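As the structure is a computational prediction, the values presented were derived from the model and not from experiment. All values below were derived from every heavy atom in this structure, side-chain atoms included, with hydrogens, water molecules and symmetry-related copies excluded.
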Amino acid sequence: QVQLVESGGGLVQAGGSLRLFCAANGRTFSSYFMAWFRQAPGKERMFVAAISWTGTNTYYADSVKGRFTISRDNAKNTVYLQMNSLKPEDTAVYYCAARKTYSPYETSYDYWGQGTQVTVSS
C-alpha cells in the first residue's frame, strides 16, 4: 500500500513557475514508477509526466515537453514536478500516481493522491 500526498499548487501568472511535490509513505517507494496527471474542469484526466524507479528515464506529454521536469528523491520518498513557462491551459488539478511499471494510462495506476490545484492567470 502506498499513500501519496501532493502539495505546492497555487495561483501563478502566465510565464511563471511552480514546483509540485508528492510525498509517499512506506519503504517501497523506489520500486514504483511515479507519474503526474492533470484534470482540467470538464475534461478527462490526462498524463503529464512519469519517471522510472531510479530516475534514469523520464516521459512527458507533448504539451509540457521542454517546460516541465519530473524528478524524484528516493531517500525522501518524494517526486517533484517543476513547471516553468506556465500557460493558462495548464490550469488543472494535478495528481500524483504510482504503479510498478511505466504507463501513460490513468486506469492502470494503482495509487493516487488527492490532487493539488494549479491555476495560471493570463
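- Using a 4.5 Å heavy-atom threshold, the side chains of Thr69 and Leu81 count as separate.
- Between the side chain of Ser108 and the main chain of Glu106, no donor-acceptor pair closer than 3.5 Å is present.
- Ring pair Phe68/Tyr94 is tilted by interplanar angle, where 30° to 60° counts as tilted.
- To the nearest 0.5 Å, atom OH of residue Tyr102 and atom OG1 of residue Thr58 are 10.0 Å apart.
- Checked by atom type and distance alone, the side chain of Arg72 pairs as donor or acceptor with a backbone atom of Phe29 at under 3.5 Å.
- Panel note: side chain Gln114, backbone Glu6; a donor-acceptor pair is recorded below 3.5 Å.
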**OP:** Determine, step by step, whether Asp90 and Lys87 satisfy the salt bridge (charged side-chain N to carboxylate O under 4.0 Å, His left out) criterion, reporting the C-alpha distance in whole Å, the side-chain angles of both residues, the deciding distance to 0.1 Å, and the verdict.
**Re:** CA-CA 5 Å; Asp90 294 319; Lys87 305 174 182 180; over 6 Å; no

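- Between the side chain of Thr91 and the backbone N or O of Val120, at least one donor-acceptor pair lies under 3.5 Å.
- Between Phe37 and Tyr95, the distance separating the two ring centers is not shorter than 6.0 angstrom.
- Looking at heavy atoms from C-beta onward, Leu20 lies in side-chain contact with Val118 at the 4.5 angstrom threshold.
- Annotation: side chain of Asn77 is not in contact with side chain of Asn25 (no heavy-atom distance under 4.5 Å).
- When every heavy atom of Asn74 is checked against every heavy atom of Ser30, the shortest pair comes out as ND2-CB, 3.5 Å.
- Pairing each heavy atom of Ala14 with each of Ser122, the nearest pair is CB-CA, 4.3 Å.
- The structure places SG of Cys96 at 8.0 Å from CD1 of Ile70, a figure rounded to the nearest 0.5 Å.
- With ring centers used as reference points, Tyr105 lies 6.0 Å or more from Phe47.
- Under 3.5 Å, the side chains of Asn84 and Ser17 contain a donor-acceptor pair of N or O atoms.
- The cluster map of Ile, Leu, Val, Met, Phe, Trp and Tyr, joined by side-chain heavy atoms under 4.5 Å apart, puts Phe21 and Val2 in different clusters.
- A cation-pi arrangement is absent between Arg99 and Tyr111, since the terminal nitrogen or guanidinium carbon is not both under 6.0 Å from the aromatic centre and inside a 45° cone about the axis.
- Few gaps surround CD on Glu89; more than 12 heavy atoms of other groups in view lie less than 6.0 Å from it.
- Contact between Ala98 and Leu4 at its shortest, heavy atoms only, is N-CD1, 4.0 Å.
- A donor-acceptor contact shorter than 3.5 Å is absent between the side chain of Asp73 and the backbone of Tyr80.
- Criterion: ILVMFWY side-chain heavy atoms under 4.5 Å apart, direct or through other members. Under it, Val48 and Met83 are part of a common hydrophobic cluster.
- By the 4.5 Å heavy-atom criterion applied to side chains, Val5 and Cys22 are not counted as neighbours.
- Geometrically, Arg45 engages Trp112 in a cation-pi contact defined by less than 6.0 Å to the ring centre and at most 45° from the axis.
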Original post:
Given the rule in the side-chain contact (heavy atoms from CB on, under 4.5 Å) test, do Val79 and Ile51 qualify, once you have shown the distances and angles that lead to the verdict?
Top reply: CA-CA 9 Å; Val79 63; Ile51 188 166; 4.1 Å; yes

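- By the neighbour-count criterion of 12 heavy atoms within 6.0 Å, atom NZ of Lys43 is sparsely surrounded, having that number or fewer from other residues, nucleotides or ligands.
- Here the closest non-hydrogen pair linking Gln117 and Thr119 is NE2-OG1, 3.3 Å.
- Residue Gln13 holds its CD atom at 5.0 Å from OG of Ser121, rounded to the nearest 0.5 Å.
- In this structure, the side chain of Thr116 engages the main chain of Gly9 through a donor-acceptor pair within 3.5 Å.
- Linking ILVMFWY residues whenever their side-chain heavy atoms come closer than 4.5 Å, directly or via other members, leaves Val64 and Tyr109 in distinct clusters.
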**OP:** Let me see the working for Asp110 and Lys100 under salt bridge (charged side-chain N to carboxylate O under 4.0 Å, His left out), right down to the final yes or no.
**Re:** CA-CA 9 Å; Asp110 302 307; Lys100 287 293 190 177; over 6 Å; no

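- Note: Ser52 OG to Tyr32 OH = 16.0 Å, rounded to the nearest 0.5 Å.
- Between Tyr59 and Phe33, the ring planes are tilted. Angles from 30° to 60° get that label.
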